[in-house]
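First the structure, in the form of structure tokens, and then the observations on it.
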Amino acid sequence: MSEPEPVIQSKNRPGWRKTAGEVSLPEVHRSILVPANASFWRKLLAFSGPGFLVAVGYMDPGNWATDLQGGAQFGYRLLSIIMISNLMAILLQHLSAKLGIATGRDLAQACRDHYSTPTVWILWIFCEIAIAACDLAEVVGSAIALQLLFGIPLVWGCVLTAADVLAVLYLQNKGFRYIEALVITLITTIGACFAAELIWSKPGIAGMLLGFVPSTEILKDPDMLYVSIGIIGATVMPHNLYLHSSIVQTRKYEQNAGGKREAIKFATIDSTVALMLALFINGAILVLAAAAFHWSGHQDVAEIQDAYKLLSPLLGIGVASILFAVALLASGQNSTLTGTLAGQIVMEGFINIRLRPWLRRLITRAIAIIPAVCVIGFFGESKTTQLLVASQVVLSMQLGFAVWPLMRFTGEKAKMGEFVKPLWIKLLGWTTAAIIIVLNAKLLFDTFMPVSVLKTLYGHLGLSVPTS
């Protein structure tokens, strides 16, 4: 099938330094019709889908590593971090959808049309690092699942994940709805697997409820804080902000103030519902690890492979480990599908590179597969879970570079017009950005400062020296 002719945006607000160019994802832009006079539920169904593609990033294999480690090591205490990070995600994805609908630009295009060229290139490089870290987690997670289920070596499992390029091309040529349908099917599979695992693990209800109450202990314990930052990095993913601001534009609705306002409302409902499902799955992974490992003398379980081996014996259910691996495979494959779309959006949006779809996605997948194969070959298969956790910390480091421009653009009336965010959203948004930046700054400080400096500083504060 030949590529469609590029569509050029014709309108431009004075708040932008550069005129808008080609629309985001031109091959599927405004390809799904929203009935103008339909009922609420029919319109909601028409708008539903992008939120689930975004939610995929919040339940990818990187989350598994951090949630497993957090549950096994600290019990239910980090459930509050999962809840807070999910609330952050709901807010940021709402703003991302609003930016795409109100301005007709995805976040990458908005950065290109606002910042100077050197700044754009810096932001693009940081975003590519984040996508590479995310893709590393997805590729390695899928490879681990293939190894657990079929005995395929990790390196070959990583190579097999390149098949997602063909899957995305085939489904997108048939229509964007087919991609959404596949993603929702895989999410349902993951949810069903963990619902069964929770029933079998019989977690303590009171302990879980207390786990959702935030505690200052998390800030004082350096190991707990390290895993917490990894959870935030795994949950609030920078490339999802670029992805969501683009795929909400696949809907064809009335291009006036009323139509855009309605589109923002339905897009927010869609993403909020999907992210609540992601909260259930992330929470379920941590609760399962806490119930199965924390109180059974296996607090040191952090490897996905070890969790797989121990689940069936500890729960007394033979199929428990198999369902765990099936859910992991579904999670990894789902994430690689959306990761290729995010890579395309970022490359086109920031630096306006135009490549054929198959080549563009092959490059995106190679950026993930080549480092994964090299890392596994160099460090060995025993280090895969540590790589997953580290990849999520890297993701968290990049969040500020995506959140800052999103908060700035959606707060400028010259860019957003009547859709500029209200004061209370500004306060919540900037508070979220500040939390992310401060936590990341502390992690960088703990990681790179000399031990002597850390001992002196933390000794004065009465805190223990970080060991992670």
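None of the values given here were measured: they were computed from a predicted structure.
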- Carefully, step by step, assess K309 and L148 under the rule side chain to side chain contact (heavy atoms under 4.5 Å, CB included). CA-CA 9 Å; K309 294 174 184 176; L148 295 177; 5.9 Å; no
- Query: Given M208 and L79, is the side chain to side chain contact (heavy atoms under 4.5 Å, CB included) satisfied, shown in steps?
  - Reply: CA-CA 8 Å; M208 283 194 300; L79 280 173; 4.3 Å; yes
- Message: Working note: D106 + S24, criterion side-chain hydrogen bond (donor to acceptor under 3.5 Å, both in side chains); need CA distance, chi angles, decisive distance, verdict.
- Response: CA-CA 6 Å; D106 61 50; S24 185; 2.6 Å; yes
- Output, in order, the C-alpha distance, side-chain angles, deciding distance and verdict of side chain to side chain contact (heavy atoms under 4.5 Å, CB included) for K43 and Y253. CA-CA 10 Å; K43 284 188 176 181; Y253 48 85; over 6 Å; no
- Task: Begin from the C-alpha positions of S80 and I218 and carry the test side chain to side chain contact (heavy atoms under 4.5 Å, CB included) through to its verdict.
- Result: CA-CA 10 Å; S80 60; I218 295 172; 3.7 Å; yes
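Within the 4.5 Å cutoff, the side chain of F176 has heavy atoms near those of the L53 side chain. Between M276 and I90, the closest side-chain pair of non-hydrogen atoms falls below 4.5 Å. In this structure, M416 and K421 have side chains that are not in contact, with every pair of non-hydrogen atoms separated by 4.5 Å or more. The shortest distance between side-chain heavy atoms of Y76 and F212 does not fall below 4.5 Å. Side-chain contact between S246 and L107 is absent, with no heavy atoms from C-beta onward closer than 4.5 Å. Counting only heavy atoms from C-beta outward, the side chains of L210 and R77 never approach each other to under 4.5 Å. Contact annotation: the side chain of I32 approaches that of R177 to within less than 4.5 Å [non-hydrogen atoms, C-beta and beyond]. Considering only heavy atoms from C-beta on, V140 stays 4.5 Å or farther from L154 through its side chain.
Not one N or O on the side chain of S201 forms a donor-acceptor pair closer than 3.5 Å with the backbone of A291. No side-chain donor-acceptor contact under 3.5 Å links S245 to the backbone of G100. The backbone N or O of L428 sits less than 3.5 Å from a side-chain atom of T432, completing a donor-acceptor pair. Although no hydrogens or angles enter the test, the distance criterion places no donor-acceptor pair under 3.5 Å between the side chain of N334 and the main chain of L186. The closest donor-acceptor contact from the side chain of T410 to the backbone of L406 lies under 3.5 Å. The main-chain N or O of G49 is found under 3.5 Å from a side-chain atom of D270 such that the two form a donor-acceptor pair. Listed for the S271 side chain is no donor-acceptor partner under 3.5 Å among the backbone atoms of Q93. For T272 (side chain) and I269 (main-chain N/O), no donor-acceptor pair under 3.5 Å exists by modelled atom type. For K426 (side chain) and M407 (main-chain N/O), no donor-acceptor pair under 3.5 Å exists by modelled atom type. Of the possible polar contacts, none joining the R42 side chain to the S39 backbone as a donor-acceptor pair under 3.5 Å is found.
The nearest pair of heavy atoms linking A292 to L314 is O-CD1, 3.3 Å. For P50 against I247, the heavy-atom pair with the smallest separation is O-CD1, 3.5 Å. Of all the heavy atoms in A102 and K260, the pair that sits closest is O-NZ, 3.4 Å. The two residues P238 and A402 make their nearest non-hydrogen contact at CB-CB, 3.9 Å. In terms of heavy-atom proximity, G70 sits nearest to L78 at CA-CD1, 3.9 Å. When all heavy atoms of A145 and A325 are compared, the closest pair comes out as CB-O, 3.7 Å.
A distance of 11.0 Å separates CG of L91 from CG of L275, quoted to the nearest 0.5 Å. How far CD1 of I144 is from CD of Q305: 4.5 Å, rounded to the nearest 0.5 Å. To the nearest 0.5 Å, the span separating CG on L288 from CD1 on I285 amounts to 8.5 Å. Here the straight-line distance linking atom CD1 of I322 with atom OG of S312 works out to 7.0 Å at 0.5 Å rounding. With rounding to the nearest 0.5 Å, the separation of CD in Q69 from CG in L286 is 11.0 Å. Interatomic distance, D67 CG to I81 CD1, rounded to the nearest 0.5 Å: 11.5 Å.
Between F126 and F401, the ring centre distance stays below 6.0 Å. Residues W404 and F409 keep their aromatic ring centres 6.0 Å or farther apart. Ring to ring, F350 and Y242 are close: their centroids are under 6.0 angstrom apart. Here the two rings, on F40 and F266, have centers that are under 6.0 Å apart.
The neighbour count for W295 CH2, taken as heavy atoms of other residues, nucleotides or ligands under 6.0 Å away, is above 12.
R251 and E180 are joined by a salt bridge, as a carboxylate oxygen and a charged side-chain nitrogen come within less than 4.0 angstrom of each other.
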